[in-house]
Amino acid sequence: MRYWLMKSEPGCFSVDDLAERPDSTTPWDGVRNYQARNFMRDDMKAGDRVLFYHSNCEEPGVAGLAEIACEAYADYTAFNPAEKHYDPKSVPEKPVWMMVDVKLVDKFDRVVTLKEIKADDRLSGMELVRKGSRLSVQPVSENEYKTILRMAGYDEKK
DNA sequence: GCCAACGTTGGC
DNA sequence: GCCAACGTTGGC
């Protein structure tokens, strides 16, 4: 099992929005970065755990725990000219952009803030806190994952 | 292949 | 709103 961190702007799609989706699941559409796509396409497996991160907001941080619900498939929003992330390079016969489905496991009782993450020596290796890093889909080590769950006061076995 | 210009990300 | 850092585009 692998561990990931995925960013979303809560003003656009928050952990609460995910909770309200049918089966608490959503297609993770709109990723238009090759490195992020490659992680989704090549490395994500159903059941992998996801730290749901709120970015570009008042209190940036990890807001909940989710999981990968299925392996990558074509991001069909790229085919539609009416979509914000339309990309004529990507066509159904040869899709450029891929996405996975993400399912909420639990919203955390409290957000583990970026500030706390930066202040914690155990998390200094995270891609998230690397200078200049903007990757919206990124791998997380098992230790980092467990540390953040503990900081959230989240008991995985409940 | 180089690189300047541009658009985007995302913390602050 | 600012701006640093990044990825992409396109002229040459």
Side-chain angles (χ1 to χ4, degrees), chain A residues 2-21 26-44 48-68 72-102 104-141 143-145 147-154:
Chain A
R2 291 219 198 189
Y3 306 92
W4 307 93
L5 180 146
M6 295 171 90
K7 298 179 185 174
S8 184
E9 302 191 15
C12 180
F13 189 83
S14 71
V15 71
D16 292 317
D17 293 323
L18 180 55
E20 284 168 16
R21 288 299 175 96
T26 191
W28 203 262
D29 60 30
V31 173
R32 298 293 179 267
N33 170 282
Y34 287 102
Q35 213 181 335
R37 177 207 63 185
N38 292 348
F39 283 134
M40 292 198 290
R41 185 191 61 190
D42 303 333
D43 298 320
M44 283 185 174
D48 283 2
R49 295 291 175 150
V50 177
L51 301 173
F52 191 106
Y53 181 85
H54 282 170
S55 68
N56 203 8
C57 57
E58 204 160 310
E59 193 179 48
V62 180
L65 177 62
E67 66 182 11
I68 303 301
Y73 58 101
D75 181 345
Y76 45 75
T77 66
F79 307 147
N80 183 353
E83 288 281 351
K84 185 177 176 208
H85 298 288
Y86 170 62
D87 184 351
K89 285 197 305 291
S90 192
V91 292
E93 303 76 50
K94 209 177 174 211
V96 174
W97 303 114
M98 310 287 284
M99 62 186 173
V100 293
D101 286 353
V102 172
L104 185 66
V105 175
D106 272 309
K107 180 184 173 179
F108 289 159
D109 293 332
R110 65 178 205 88
V111 173
V112 178
T113 65
L114 177 61
K115 203 175 165 190
E116 293 173 78
I117 291 171
K118 281 181 168 171
D120 197 307
D121 287 342
R122 294 167 297 178
L123 302 175
S124 61
M126 285 186 75
E127 170 70 21
L128 183 71
V129 294
R130 223 192 71 225
K131 185 175 162 59
S133 170
R134 297 186 324 193
L135 255 188
S136 67
V137 175
Q138 51 184 264
V140 169
S141 78
N143 279 336
E144 291 159 352
Y145 169 80
T147 298
I148 286 179
L149 257 53
R150 224 172 286 128
M151 289 164 81
Y154 183 76

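Just so it is clear: chains get the letters A, B, ... in the order the sequence lines come, proteins before strands, and each one is counted from 1.
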Fill in: Residue pairs fulfilling side-chain hydrogen bond (donor to acceptor under 3.5 Å, both in side chains) with at least one residue in residues 72-84 of chain A, sequence neighbours excluded
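Output for this query lists A:Arg32-A:Asp75, A:Arg32-A:Thr77, A:Tyr73-A:Asp101, A:Asp75-A:Thr77.
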Fill in: side-chain contact (heavy atoms from CB on, under 4.5 Å) against A:Ser141, all qualifying residues, sequence neighbours excluded
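Counting only residues at least two positions away or on another chain, A:Ser141 forms a side-chain contact (heavy atoms from CB on, under 4.5 Å) with A:Asn143, A:Glu144.
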Protein-nucleotide distance ([X], atom [atom1]; [N], atom [atom2]), rounded to Å:
| X | N | atom1 | atom2 | value |
| --- | --- | --- | --- | --- |
| A:Tyr34 | B:dT9 | OH | P | 15 Å |
| A:Arg130 | C:dA5 | CZ | C1' | 11 Å |
| A:Gln138 | C:dG7 | CD | P | 13 Å |

Discussion item. Rounding to 10°, can you tell me the angle the first-five-pair axis of the helix from B:dG1-C:dC12 to B:dC12-C:dG1 makes with its last-five-pair axis?
Written reply: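 What I find for the helix from B:dG1-C:dC12 to B:dC12-C:dG1 is an axis angle of 10°.
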Discussion item. For the aromatic rings, using the six-membered ring if either is Trp, is the centroid distance between A:Trp4 and A:Phe52 under 6.0 Å?
Written reply: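 A:Trp4 vs A:Phe52: aromatic centres not under 6.0 Å.
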Could you list all N or O pairs between the protein and nucleotides 10-12 of chain B that sit under 3.5 Å apart?
from, atom 1, to, atom 2, distance (Å)
B:dG10, OP1, A:Lys7, NZ, 2.8
B:dG10, OP1, A:Arg134, O, 2.7
B:dG11, OP1, A:Tyr53, OH, 2.7
B:dG11, OP2, A:Asn56, N, 2.8
B:dC12, OP1, A:Lys118, NZ, 2.8

Item to complete: Test A:Arg2 against every option in A:Asp43, A:Asp42, A:Asp48 by the salt bridge (Lys or Arg N to Asp or Glu O under 4.0 Å) rule and name the one that passes.
Response: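 Result: among A:Asp43, A:Asp42, A:Asp48, A:Asp43 is the only option passing the salt bridge (Lys or Arg N to Asp or Glu O under 4.0 Å) with A:Arg2.
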Would you list the atom pairs, donor with acceptor, under 3.5 Å between side chains in residues 122-133 of chain A and any protein atom, with sequence neighbours excluded?
from, atom 1, to, atom 2, distance (Å)
A:Arg122, NE, A:Asp120, OD1, 3.0
A:Arg122, NH2, A:Asp120, OD2, 2.7
A:Ser124, OG, A:Asp121, O, 3.0
A:Glu127, OE1, A:Arg130, NH1, 2.8
A:Glu127, OE2, A:Arg130, NH1, 3.0
A:Glu127, OE2, A:Ser133, OG, 2.6
A:Ser133, OG, A:Glu127, O, 3.1

Worksheet entry | For the student: nearest non-hydrogen atoms of A:Asp17 and A:Pro10, plus distance |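 Taking every non-hydrogen atom into account, OD2-O, 4.1 Å.
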Practice prompt. Check whether any side-chain heavy atom of A:Ile117 lies under 4.5 Å from a side-chain heavy atom of A:Val62, and answer yes or no.
Written response: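 Yes, at least one pair of side-chain atoms sits under 4.5 Å.
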Discussion item. With nearest nucleotide decided by heavy atoms, which residue, A:Arg32 or A:Lys131, maps closer to the 5′ end of DNA chain C?
Written reply: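 First, find each residue's nearest nucleotide; the 5'-ward one identifies A:Lys131.
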Item to complete: Any chance you could measure A:Lys115, atom NZ, to A:Glu59, atom CD, to the nearest 0.5 Å?
Response: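 Atom-to-atom, A:Lys115:NZ and A:Glu59:CD are 10.0 Å apart.
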Worksheet item: Atom CH2 of A:Trp28 and atom CE of A:Met6: how far apart are they, to the nearest 0.5 Å?
Response: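 One gets 5.0 Å once the value is rounded to the nearest 0.5 Å.
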Fill in: Members of residues 80-90 of chain A that approach DNA chain C, where some heavy atom sits under 4.0 Å away
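Nucleic-acid contacts, sorted: A:Lys89.
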Practice prompt. Look only at the side chain of A:Lys7 and the backbone of A:Leu135, and say whether a donor-acceptor pair between them is shorter than 3.5 Å.
Written response: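 Flag set: sc A:Lys7 to bb A:Leu135 pair under 3.5 Å.
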